[in-house]
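Structure, as structure tokens:
Everything quoted here is computed from the prediction, not taken from an experiment. We use all heavy atoms of the structure for the numbers below, so side chains are in, but hydrogens, waters and symmetry mates are not. Letters A, B, ... mirror the listed sequences (proteins, then strands); counts begin at 1.
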Number of protein chains: 2
Amino acid sequence: MPVSIKDIAKEAGVSPSTVSRALRDHPRINRDTKANIQNLATAMGYVPSAVARDLVARQTATIGIVISRLSDPFYDRLMLGLEDGAVSAGYRVLLSSFNRDAKREAEIVHDFSERRVDGIIVAGAETIEAYISPERKFISPIVLINRPSYPFSVSADRFEGARRVIKHMIELGHRRIAYVTWGSEHPDGMPRLSGYQATLNEYGIAMDDDLIVHGDGQITGGIKAVPRLLGLSSPPSAIFCFNDMTAIGVINALRQKGCEVPRDVSVAGFDDLEMAAYYHPSLTTVRQPTYRIGRHAVNMLLRLVREEGDVVPKILEPEFVARESTAPIAI
Amino acid sequence: MPVSIKDIAKEAGVSPSTVSRALRDHPRINRDTKANIQNLATAMGYVPSAVARDLVARQTATIGIVISRLSDPFYDRLMLGLEDGAVSAGYRVLLSSFNRDAKREAEIVHDFSERRVDGIIVAGAETIEAYISPERKFISPIVLINRPSYPFSVSADRFEGARRVIKHMIELGHRRIAYVTWGSEHPDGMPRLSGYQATLNEYGIAMDDDLIVHGDGQITGGIKAVPRLLGLSSPPSAIFCFNDMTAIGVINALRQKGCEVPRDVSVAGFDDLEMAAYYHPSLTTVRQPTYRIGRHAVNMLLRLVREEGDVVPKILEPEFVARESTAPIAI
DNA sequence: TTGTACGCGTTATCAA
DNA sequence: TTGATAACGCGTACAA
């Protein structure tokens with residue numbers, strides 16, 4: 001059993017509350033007793049119990065972060081913003097990931113609630129149903145990342161991101177443009193798909209369902225998509241991918257089939273991974289303002305925690321990055 | 001304020017202890033009262049307080065995981081093993097990352113101690129000093145990943161991994177072999193460097209300090225290393241890199257200088273990123289058994305928690321993966 | 001300046 | 001089968 005405030009009190013010959021005051025740097029306390037107690041605490045290896053402190057304080061000064069996948073670079077940069085925001089506001093941060101498993105996601109949110117975190121931020125929620133259900137009241141306020149239909153959310157405008165990619169391809173002369181999606185019903189797949197469709201429509205290009213194929217957000221999904229696309233009677237000259245990993249898979253599979261990127265086919269991704277600029281060819285892609293999203297999300301959550309007036313969904317602009325993997329259509 | 005056991009008791013017209021029993025599925029309790037209370041709890045949106053429960057239980061059934069960088073794929077796969085191990089043993093997991101900041105690392109470990117986690121696992125510790133210091137007694141047992149000189153640790157044999165890479169290069173005919181390291185004093189840099197040196201020595205190849213240049217474990221570090229290497233009067237024909245990201249930087253910079261990999265220079269990395277097999281050229285590298293490391297680490301930690309006898313450092317073998325980025329030396 | 005008493009939400013022990 | 005009581009470690013009125 002760890003040493004408690006009582007142990008120190010006994011050792012110092014004072015009452016537990018005096019120890020508490022000394023340790024908390026209370027103003028009204030004797031300099032010597034304070035110094036003595038603080039030395040004693042260090043010597044005895046005292047570590048205050050957050051469990052007990054939080055119980056009496058009825059708050060934990062902690063926010064819980066729930067993310068889909070650890071390895072997704074989107075979350076990496078997001079966390080920087082989240083941590084910076086939380087720490088500078090005097091909050092600690094707890095993190096957990098659910099690996100795209102909706103059940104785990106619910107468990108983690110529940111676990112954080114039991115721990116009485118002051119607020120929760122969920123990035124990559126499998127579905128927003130559980131969060132908007134009126135019967136389900138949560139202990140702590142919850143902010144969602146990239147789920148703009150949820151009232152307390154901070155998102156990147158993925159629709160607009162997709163739109164710029166497609167516009168870019170159209171301006172390069174492409175007309176047969178494919179989209180390798182990821183989970184059409186998944187909330188992360190929707191905005192890109194809508195942006196893709198709306199932009200084709202905007203330019204009067206006929207939609208073709210054969211050009212929309214499913215991936216899995218990873219390299220293998222991109223690889224599997226290519227044969228289906230090349231097998232079409234009229235194959236695409238440009239392929240927009242759900243993300244950079246998918247694009248890498250697509251480029252590999254194309255190369256395997258003897259298609260050179262961008263000479264024969266243009267390919268674009270989404271995310272702007274650190275290595276996107278160093279892939280061969282370097283990837284045309286879309287960068288989401290992840291750090292800023294993180295900062296905004298924490299601010300929004302803290303407003304909710306402190307019940308400081310209205311909160312409206314926030315949407316930030318992404319950045320289009322043109323590189324080598326897209327080029328004018330070959331004649 | 002969340003609903004407490006007392007609120008339910010008042011509503012149900014029973015005592016708080018009855019509610020506690022009903023909720024905990026205690027054997028000796030009336031079927032009807034139990035059902036009634038459980039319904040009431042759900043209706044009132046009751047979420048038990050882990051804070052209070054843990055205080056009286058004097059344990060949290062939680063292990064804290066402290067990792068260096070979220071984006072490092074090493075930690076991604078490690079977490080899978082860690083989580084699987086913990087969950088299957090009935091423990092919950094708390095995660096936090098310190099972004100290579102030793103101060104943050106110490107803060108997080110301290111925070112976890114205050115939270116009274118039952119044990120802590122640190123991966124990528126900046127230094128082991130704080131953990132072996134005799135004066136510093138920790139509340140909870142601590143297991144370190146990839147820090148074999150610490151008594152409670154699980155590591156991959158990076159020395160052996162480096163050895164196999166160098167051996168492979170030597171067998172391909174290379175004699176001028178460079179190493180792009182990362183932080184020579186950093187505990188992650190040492191084993192690879194030793195393996196590199198020992199293997200050259202083993203084959204009677206003279207050491208040349210000019211062939212050891214510093215990187216930063218990232219793409220930019222690899223890029224910066226190349227001019228220094230190519231500027232040598234006798235440049236290397238093979239370059240061993242601290243990790244795959246460094247290798248990607250090196251390959252890019254070589255290409256910029258008109259050097260083709262592996263035609264002109266062979267390059268190898270470390271880690272086996274998911275995309276290492278899909279880079280162009282695909283990367284020769286070393287795969288650490290991350291999942292197994294995670295499982296072992298949890299087992300070791302739980303043995304420590306339960307004070308079940310002796311624990312000795314565990315070292316697991318890595319796997320060498322030969323791909324396209326290394327080839328026989330050009331004559 | 002310091003000590004006493006109480007409460008935070010929960011579980012466990014003992015008595016009813 | 002249920003209720004009263006104490007305890008976990010800490011912070012804070014209030015009293016001394």
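Ring geometry, Tyr131(A) versus Phe138(A): the interplanar angle falls under 30°, so the pair is classed parallel (tilted spans 30 to 60°).
Candidate nucleotides dC8(C), dC10(D), dG3(D) were compared by shortest atom distance to the side chain of Arg58(A), and dC8(C) ranks first. The listed nucleotides are dC8(D), dT10(C), dT2(C); the one nearest the side chain of Lys6(B) is dT10(C).
As judged by a 4.0 angstrom heavy-atom cut-off over every strand, Leu55(A) is placed among the base-contacting residues. Contacts of Val51(B) with the nucleic acid, taken as non-hydrogen atoms under 4.0 Å apart, are absent.
Here dT2(D) presents its C1' atom at 18 Å from CZ of Arg31(B), a figure rounded to the nearest Å. With rounding to whole Å, Arg116(B) atom CZ is found 9 Å from dG9(D) atom P. Protein atom NZ of Lys10(A) is 16 Å distant from nucleotide atom C1' of dG3(C), rounded to whole Å. Counting to the nearest Å, the P atom of dT12(D) and the CD atom of Gln59(A) are 11 Å from each other. In this structure, the CG atom of Asp25(A) is 17 Å from the C1' atom of dT12(D), given to the nearest Å. The CD1-P distance, from Ile8(A) to dG9(D), rounds to 12 Å in whole Å. For the pair Asp54(B) CG and dC8(C) C1', the computed distance is 14 Å after rounding to whole Å. The interatomic distance linking Glu114(B) (CD) with dG9(D) (C1') rounds to 13 Å, in whole Å.
Side-chain N/O atoms of Ser17(B) and Ser20(B) include no donor and acceptor closer than 3.5 Å. For the residue pair Arg115(B) / Thr62(A), a side-chain donor-acceptor distance below 3.5 Å is found, with atom types taken as modelled. Gln288(B) and Asn146(B) are linked by a side-chain donor-acceptor pair at a separation below 3.5 angstrom, with hydrogens and angles left out of the test.
Annotation for Glu126(A) and Pro187(A): closest pair O-CD, 3.2 Å, computed over non-hydrogen atoms. Heavy atoms only, all atoms of each residue included: Arg69(B) and Asn99(B) are closest at CG-CA, 4.3 Å. Of all the heavy atoms in Tyr75(B) and Ala123(B), the pair that sits closest is CE2-CB, 3.5 Å.
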Tabulate protein N/O versus nucleotide N/O from nucleotides 11-16 of chain C, keeping only pairs under 3.5 Å, one per line.
| residue | atom | partner | partner atom | Å |
| --- | --- | --- | --- | --- |
| dT11(C) | OP2 | Ser20(B) | OG | 2.8 |

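Between Thr33(B) and Met1(A), it is Thr33(B) whose nearest contact on DNA chain D lies nearer the 5' terminus. Nearest-nucleotide assignment on DNA chain D puts the 5′-proximal partner with Arg28(B), out of Val47(A) and Arg28(B).
A donor-acceptor pair is defined here as one N or O able to donate and one able to accept, closer than 3.5 Å; such a pair exists between the side chain of Arg158(B) and the backbone of Ala156(B). A distance-only check finds no donor-acceptor pair linking the side chain of Ser155(B) to the backbone of Asp157(B) [under 3.5 Å].
Distances shorter than 4.0 Å separate none of the side-chain N or O atoms of Ser15(B) from OP1 or OP2 on dA4(D).
The one candidate from Ile37(B), Val3(B), Leu40(B) that meets the side chain to side chain contact (heavy atoms under 4.5 Å, CB included) condition with Glu11(B) is Leu40(B).
Rounded to 10 degrees, the angle between the two end axes of the helix from dT1(C)-dA16(D) to dA16(C)-dT1(D) is 50°, with five pairs used at each end.
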